[in-house]
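Chain identifiers are assigned alphabetically (A, B, ...) following the order of the sequence lines, protein sequences preceding nucleic acid strands; residue numbering begins at 1 within each chain.
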Amino acid sequence: MPRDFYRQGTLTVARSLLDCILVHDSPEGLLAGRITETEAYTHDDPACHAFRGQTARNATMFGPPGHAYIYFTYGMHHCFNAVTAPEGRGEAVLIRALEPLAGLELMQRRRGPAAAALSLSSDSEAARIRLGRALCGGPGKLCQAFGLNRALNGTDLTEQGRLWIAAAPDGPPDAAAIVATPRIGIAQGVELPWRFYRRDEPYISRK
DNA sequence: ATCTCGATAGTCT
DNA sequence: GACTATCGAGATC
């Protein structure tokens with residue numbers, strides 16, 4: 001997606017990223033997934049890392065839009081965001097889940113024995129969904145599956161280099177097809193309905 | 001299906 | 001020294 005896509009306003013970007021394709025041309029292989037669940041974080045939102053000002057950790061959030069903000073949390077997980085606000089402002093969209101499309105075998109290896117034990121041949125629709133959610137059904141899971149870490153923090157997502165986001169093949173979902181709910185795992189700003197996914201989307205982190 | 005809890009280390013007060 | 005934009009295991013219903 002071009003730079004201007006990320007300048008539409010964080011809430012709009014969060015909805016418009018649904019169905020877009022995240023691609024990682026990693027040294028071990030090409031990985032791709034359809035974005036199925038997002039959350040918006042704005043500068044005046046107490047749950048946003050940028051709310052209390054710029055620090056070394058959140059610096060890329062204050063940089064130009066269209067770049068990756070990847071941080072480490074809970075001592076063992078990474079989270080991947082797309083920076084949205086104009087420079088100096090500190091806003092981003094958290095990618096919470098994907099439907100894996102390419103590189104599933106590599107994702108299984110990265111996700112560990114439990115995920116690797118699941119059948120890769122899509123015996124049934126239910127089995128495919130189970131596998132997809134085990135691989136990329138959560139912000140920490142998808143980072144592990146894709147091999148995303150702080151080394152990729154700040155990557156420009158608008159050019160096809162190592163990590164980028166491609167347009168939704170059939171365009172973004174209709175507004176009427178998108179559900180908005182409170183965000184997951186936060187202590188402040190719990191009332192804001194800034195988590196988005198398609199109605200009837202099976203590839204989400206949780207209900 | 002839903003819950004409670006522990007792991008684990010970087011960040012900020 | 002407290003907190004964390006999480007995950008998975010184990011208990012419970």
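With a heavy-atom cut-off of 4.0 Å to chain A, the contacted part of DNA chain C has its first and last nucleotide at C:dT4 to C:dG8. In summary, contact between chain A and DNA chain B, defined as any nucleotide atom under 4.0 Å from a heavy atom of the protein, begins and ends at B:dA7 to B:dC12 in the 5' to 3' direction.
No donor-acceptor distance shorter than 3.5 angstrom exists from the side chain of A:Ser121 to the backbone of A:Asp123, with no hydrogens or angles considered. A donor-acceptor pair under 3.5 Å links the side-chain atoms of A:Thr36 to the main chain of A:Ala97, judged by distance alone. A donor-acceptor pair is defined here as one N or O able to donate and one able to accept, closer than 3.5 Å; such a pair exists between the side chain of A:Asn58 and the backbone of A:His49. Remark: side-chain polar atoms of A:Glu159 are not paired, donor with acceptor, to backbone N or O of A:Gly161 under 3.5 angstrom.
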> After noting the C-alpha distance and the side-chain angles of A:Gln144 and A:Arg110, does the key distance pass the side chain to side chain donor-acceptor pair (under 3.5 Å) rule?
Replying inline: CA-CA 6 Å; A:Gln144 189 181 20; A:Arg110 287 205 168 119; over 6 Å; no
>> Using the rule given for salt bridge (Lys or Arg N to Asp or Glu O under 4.0 Å), can you reason through A:Arg183 versus A:Glu39, listing the C-alpha separation, both sets of side-chain angles and the distance that settles it, and then say yes or no?
In response: CA-CA 7 Å; A:Arg183 294 168 294 177; A:Glu39 284 180 0; 5.3 Å; no
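Residues of residues 199-207 of chain A having a heavy atom closer than 4.0 Å to DNA chain B: none are found. Shown for residues 70-85 of chain A: residues whose heavy atoms fall under 4.0 angstrom of DNA chain B, namely A:Phe72, A:Tyr74, A:Gly75, A:Met76. Less than 4.0 Å separates DNA chain C from at least one heavy atom of each of the following residues of residues 95-117 of chain A: A:Arg96, A:Arg111. Contacts with DNA chain B (heavy atom under 4.0 Å) in residues 38-67 of chain A: A:Thr55, A:Arg57, listed by number. Sorted by residue number, the members of residues 132-156 of chain A with any non-hydrogen atom under 4.0 Å from DNA chain B read A:Arg150.
Residue-level contact check: A:Ile186 touches the backbone only, with heavy atoms under 4.0 Å from sugar-phosphate atoms and none from bases.
For residues 145-155 of chain A, the pairs satisfying side chain to side chain donor-acceptor pair (under 3.5 Å) are A:Thr60-A:Asn153, with sequence neighbours left out.
The distance from the CD1 atom of A:Ile35 to the CD1 atom of A:Ile95 is 4.0 Å, given to the nearest 0.5 Å. Note that CD1 of A:Ile21 and CE of A:Met1 are 10.5 Å apart. Values are rounded to the nearest 0.5 Å. In this structure, SG on A:Cys20 lies 11.0 Å from CG on A:Leu157, to the nearest 0.5 angstrom. In this structure, A:Ile165 CD1 and A:Gln160 CD are separated by 12.5 Å, a value rounded to the nearest 0.5 Å.
Residues A:Leu106 and A:Gln108 are not in side-chain contact: their nearest non-hydrogen atoms beyond the backbone lie 4.5 Å or more apart. The shortest distance between side-chain heavy atoms of A:Thr38 and A:Arg195 does not fall below 4.5 Å. A heavy-atom distance below 4.5 Å is found between the side chains of A:Leu31 and A:Ser26.
A:Val83 shares a hydrophobic cluster with A:Met61, A:Phe62, A:Tyr69, A:Tyr71; the chain of contacts runs through ILVMFWY side chains whose heavy atoms sit under 4.5 Å apart.
Counting non-hydrogen atoms of neighbouring residues, nucleotides and ligands closer than 6.0 angstrom, the CD atom of A:Glu105 reaches no more than 12 such neighbours.
Minimum interatomic distance between A:Ala180 and A:Phe196 (heavy atoms only, all atoms of both residues): CB-CE2, 3.7 Å.
At a threshold of 4.5 Å between side-chain heavy atoms, the hydrophobic network of Ile, Leu, Val, Met, Phe, Trp and Tyr places A:Ile70 and A:Leu22 in one connected group.
A donor atom on one side chain and an acceptor atom on the other are not found under 3.5 Å apart for A:Tyr6 and A:Gln8.
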>> Show me the dot-bracket string of DNA chain C, counting Watson-Crick or G-U pairs under 3.5 Å, with | for pairs to another strand and [ ] for crossing ones.
In response: ||||.|||||||.
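Residues passing the side-chain contact (heavy atoms from CB on, under 4.5 Å) test with A:Thr10, sequence neighbours excluded: A:Ala40, A:Thr42, A:Thr84, A:Glu91, A:Val93.
Using a 4.0 Å cut-off between charged side-chain N and carboxylate O, A:Asp174 and A:Arg198 make no salt bridge.
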List the atom pairs, with distances to 0.1 Å, where a side-chain N or O of residues 124-140 of chain A and a protein N or O form a donor-acceptor pair under 3.5 Å, not counting sequence neighbours.
residue  : atom : partner  : partner atom : Å
A:Ser124 : OG   : A:Ala127 : N            : 3.1
A:Glu125 : OE1  : A:Arg128 : NH2          : 2.7
A:Arg133 : NE   : A:Ile204 : O            : 3.0
A:Arg133 : NH2  : A:Ile204 : O            : 3.2
A:Arg133 : NH2  : A:Ser205 : O            : 3.4

